[in-house]
Amino acid sequence: MNNTLENLPPLKDVLQKHDLFAKKSLGQHFLLDLNLTDKIARLAAPHEMVIEVGPGPGGLTRSLLMAGAERVIAIEKDERFLPALQDIVSVADARLHIINEDALRTDPANLSDIRPLRICANLPYNVGTKLLINWLTAAPPFWDRLVLMLQKEVAERVVATPGNKAYGRLAVLAGSIAHGHISFDIPASAFTPPPKVDSAVIVLDILPENKRFGDLKLLGQITAGAFGQRRKMLRKSLKPLAKTHSIDLNDWLTKANIDPTARPETIDIAGFHRLAQSLTSFNQPLDKRA
Ligand code: SAM
């Protein structure tokens, strides 16, 4: 009898029953150990509404439901997984909804009116960073917590501090809206098939509203310019952006109190905020400028 979540068959059997094999092009590496998916799910649930990206055979999906996610909406691009996921839907008492779409084209904010949402995902490596940047820069923010399994190297970039070689665009964007920490590492051997590198589970908790930086899109442009050429001094790397905004680069850097010969990895998050704020003030009428 499979009429409860607890009675669903082991994930290995689910893969076999539905003839499912991993496709490299979709970054498919499955977590078949439900103890591990339970541990991840407990970082996101209980919660009223959890969005999952890439449920695959549904291990984390089951764990989220069992950990007390009242509702789960799971976005899966690969339609081969739909029958296996349907088996979970059939025992989930209308708490699980599956969407067969590309998460890169799906704005989670539009999937539910409930706020705040929570996102929990074992992200496909090839789209993980892009999705994270989309969610970090969403305006207004629609989530209170992101629980994401990422390549360990990417997770380290999210929580890196200035001066560290992992410090860059991701750390500045993430630190401008959330407090992040790595909860635990997952060795490559825990996945089927194992990827080439280890993973880590990262938790990002949104900052109180008065501590969040307002214009993440502009911050995204500035950090893309600065870290796109991270070995160059800011007076070189930010030149194209100053030109786009028709402002004088030296005036901009002086106003933001940034040394033009500095390299981006030495500028702390507050320094990038000053760059964004002063750039905004140049675009305002003269009597409104800071
Ligand atoms: N959550 C499952 C687990 O932990 O075993 C599978 C994780 S696997 C690393 C990534 C999953 O994301 C796969 O099911 C894959 O088909 C799906 N996926 C890949 N690209 C996607 C996209 N653009 N949108 C939605 N799902 C995607």
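Just so you know, ligand 1 is whichever comes first in the structure, and atom 1 is the first atom listed for that ligand.
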key: Non-hydrogen atom of Gly59 closer than 4.0 Å to ligand 1   = no
message = Taking only non-hydrogen atoms of Met149, do any sit less than 4.0 angstrom from ligand 1?
response =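 The answer is no, since Met149 has no heavy atom less than 4.0 Å from ligand 1.
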Number the atoms of ligand 1 from 1 as they appear, then name those within less than 4.0 Å of a heavy atom of [X], with their elements.
| X | value |
| --- | --- |
| Gly56 | 14 (O) |
| Ala103 | 22 (C), 23 (N), 24 (N), 25 (C) |
| Phe30 | 5 (O), 6 (C) |
| Gly27 | 8 (S), 9 (C), 10 (C) |
| Asp102 | 22 (C), 23 (N), 24 (N) |
| Ile75 | 25 (C), 26 (N) |
| Asp78 | 16 (O) |
| Glu52 | 1 (N) |

Nearest option to atom 14 (O) of ligand 1, as decided by whichever heavy atom of Gln28, Glu101, Glu76, Lys130 sits closest =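 Nearest option to atom 14 (O) of ligand 1, by heavy atoms: Glu76.
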ask   = Which option out of Lys23, Lys77, His29 puts a heavy atom nearest to atom 8 (S) of ligand 1?
value = His29
Keeping the roles fixed (side chain from [X], backbone from [Y]), state whether a donor-acceptor pair exists under 3.5 Å.
| X | Y | value |
| --- | --- | --- |
| Arg95 | Ala69 | yes |
| Arg212 | Leu207 | yes |
| Tyr167 | Ile267 | yes |

To the nearest 0.5 Å, how far apart are [atom1] in [X] and [atom2] in [Y]?
| X | Y | atom1 | atom2 | answer |
| --- | --- | --- | --- | --- |
| Leu20 | Phe81 | CG | CZ | 5.0 Å |
| Phe282 | Lys255 | CZ | NZ | 4.5 Å |
| Asn134 | Thr106 | CG | OG1 | 10.5 Å |
| Trp135 | Leu204 | CH2 | CG | 11.0 Å |

To which protein heavy atom is [atom] closest, and what is the distance rounded to 0.1 Å?
| atom | result |
| --- | --- |
| atom 3 (C) of ligand 1 | Asn122 ND2, 3.4 Å |
| atom 19 (C) of ligand 1 | Leu26 O, 3.2 Å |
| atom 2 (C) of ligand 1 | Pro55 O, 3.3 Å |
| atom 5 (O) of ligand 1 | Leu31 N, 2.8 Å |

query = Looking only at distance, does Pro124 have an N or O less than 3.5 Å from an N or O of ligand 1?
reply = no
query = For Gly54, is at least one N or O under 3.5 Å away from an N or O on ligand 1?
reply =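 Yes - when backbone and side-chain N and O of Gly54 are compared with those of ligand 1, one distance drops under 3.5 Å.
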request  = Of the side chain and backbone of Ala121, name the one, both, or neither that has a heavy atom under 4.0 Å from an atom of ligand 1.
outcome  = neither
ask   = For ligand 1, is any non-hydrogen atom under 4.0 Å from Leu60's backbone (N, CA, C, O), its side chain (CB onward), both, or neither?
value = neither
request  = Answer whether the closest heavy-atom distance between the side chains of Cys120 and Leu43 falls below 4.5 Å.
outcome  =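 Answer no - side chains too far apart.
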key: Note, Leu15 side chain near Leu32 side chain (heavy atom, < 4.5 Å)   =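 They are in contact (side-chain heavy atoms under 4.5 Å apart), so the answer is yes.
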key: Within one Ile-Leu-Val-Met-Phe-Trp-Tyr cluster: Leu26 and Met149, side-chain cutoff 4.5 Å   = no
ask   = Given Asp78 and Arg80, is the salt bridge (charged side-chain N to carboxylate O under 4.0 Å, His left out) satisfied, shown in steps?
value = CA-CA 5 Å; Asp78 188 344; Arg80 295 180 306 141; 2.8 Å; yes
key: Under the side-chain hydrogen bond (donor to acceptor under 3.5 Å, both in side chains) test, residues paired with Glu70 that sit two or more places apart   = none
